[in-house]
Amino acid sequence: VSRDGEIRELLSSLVGADLVNDVRDDDLIFEQGLIDSLYLIELIDLVERRFGIRVAGEELAPENFESIAAMSRYVATKTA
Amino acid sequence: MSSGARRWLAVNRRRIFEVVGVDVVAWDATRKVPSPRLRDDVSVERLEDVALLSPKQQAQVRSFLARGDEGYVAVRDGRLAGWVWLSRTTHRDPWSGLWIRLAPDEAYSYALWVEPESRPSGAAAGLMAAMLRDVQRDADVTRVYGWIDEGNRASQTLLRVVFGFAQVQRVRRVHVLRRIGFKLPRSDDPPFGPLSARGRHSSREGGAAARTAAPL
């Protein structure tokens with residue numbers, strides 16, 4: 001499974017695969033109402049655990065978590 | 001020291017004396033404000049009538065209203081389910097003891113709260129969005145500050161990821177006996193900005209003269 005696919009799986013575990021299937025990698029998941037801010041916190045926790053990374057306060061930024069593609073890019077830089 | 005005293009101290013240390021890192025974050029009023037989806041039974045509005053609040057809550061916000069701060073409330077089944085407040089006035093936060101110093105084009109968002117029974121409902125994001133949209137309608141305000149304890153992951157995520165607040169300063173605050181709060185002297189990083197005695201967040205100079213006078 002690709003990194004994007006793994007993040008998609010994590011998102012599906014929170015909001016359900018039906019919703020996530022319609023989401024493109026670049027779609028803004030919060031702005032589109034796909035995810036509540038509390039689920040976003042859970043999603044970031046899941047990403048940390050799945051990829052063994054620790055997200056620092058300054059890294060909590062829209063450009064790192066606004067979409068599946070953004071998260072994938074961010075994880076890539078953290079695990080490089 | 002006896003082992004019993006050591007145990008007691010270990011358990012109660014934070015009740016006696018606590019040092020907490022605080023991140024000061026800022027939002028630029030040119031940013032796009034997202035439109036969070038609210039649960040059907042929750043609505044968000046600007047507080048127009050304090051009758052919505054219980055007597056205890058009215059007492060709690062008396063000092064907020066006295067300095068002209070504006071409240072935004074989440075309402076569920078006709079009663080208060082959450083709020084957030086916006087201030088345009090330099091003042092000292094009584095709980096943390098931190099002075100937030102505002103230039104004329106700056107504001108400060110504080111006291112974001114949503115009752116546990118109404119989470120998740122989108123209320124926290126809805127409150128912030130309603131407030132920031134009103135800020136954008138006011139051409140006089142270009143920046144809104146907030147401060148978040150470094151360990152408060154929920155608020156860190158909401159303000160930074162959802163709304164794009166970015167860090168401008170970090171300080172350490174001290175809390176003694178959970179009653180007396182103050183900024184740890186010389187803990188400001190950088191040593192100028194909204195929680196310092198001088199400068200705007202971007203420079204040591206400027207802003208200080210324009211700020212409302214505040215004792216140090």
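Within every chain, numbering begins at 1; the chains are lettered A, B, ... in the order of the sequence lines, protein sequences first and strands thereafter.
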**Student:** Can you list the residues that meet the side chain to side chain donor-acceptor pair (under 3.5 Å) rule with B/R186, with sequence neighbours excluded?
**Tutor:**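 None.
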
**Student:** Parallel, tilted or perpendicular: which one describes the rings of B/W83 and B/F64, with boundaries at 30° and 60°?
**Tutor:**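 Rings of B/W83 and B/F64: perpendicular, over 60°.
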
**Student:** Any idea which heavy atoms bring B/A125 and B/F163 closest together, and the distance?
**Tutor:**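 Distance-wise, the nearest heavy atoms are O-CZ, 3.3 Å.
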
**Student:** Tell me which donor-acceptor pairs, judged by distance alone and kept under 3.5 Å, run between chain B and chain A, one pair per line.
**Tutor:**
{"residue": "B/K32", "atom": "NZ", "partner": "A/E31", "partner atom": "OE1", "Å": "2.9"}
{"residue": "B/G122", "atom": "N", "partner": "A/D36", "partner atom": "OD1", "Å": "2.8"}
{"residue": "B/R153", "atom": "NH1", "partner": "A/V55", "partner atom": "O", "Å": "3.2"}
{"residue": "B/R153", "atom": "NH2", "partner": "A/E48", "partner atom": "OE1", "Å": "3.4"}
{"residue": "B/R153", "atom": "NH2", "partner": "A/E48", "partner atom": "OE2", "Å": "2.9"}
{"residue": "B/R160", "atom": "NE", "partner": "A/G57", "partner atom": "O", "Å": "3.4"}
{"residue": "B/R160", "atom": "NH1", "partner": "A/G57", "partner atom": "O", "Å": "3.4"}

**Student:** Would you say that B/L53 contacts B/L47 through its side chain, given a criterion of any heavy-atom pair below 4.5 Å between the two side chains?
**Tutor:**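 Yes, close enough: below the 4.5 Å cut-off.
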
**Student:** Would you please say whether a donor-acceptor pair under 3.5 Å links the side chains of B/D69 and B/Y110?
**Tutor:**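 Yes, a side-chain donor-acceptor pair sits under 3.5 Å.
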
**Student:** Can we call the ring centroids of B/F17 and B/H175 under 6.0 Å apart?
**Tutor:**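 B/F17 vs B/H175: aromatic centres not under 6.0 Å.
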
**Student:** Could you have a look at A/I35, A/L40, A/V55, A/L60 and say which one has the most heavy-atom pairs with chain B under 4.5 angstrom?
**Tutor:**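 Heavy-atom pair counts peak at A/L60.
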
**Student:** Taking side chain as C-beta onward, heavy atoms only, is B/L102 less than 4.5 Å from B/T89?
**Tutor:**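 B/L102 vs B/T89: side chains apart.
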
**Student:** Less than 4.5 Å to any heavy atom of chain B: does that hold for the side chain of A/L38, its backbone, both, or neither?
**Tutor:**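 Contact with chain B is through the side chain of A/L38 alone.
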
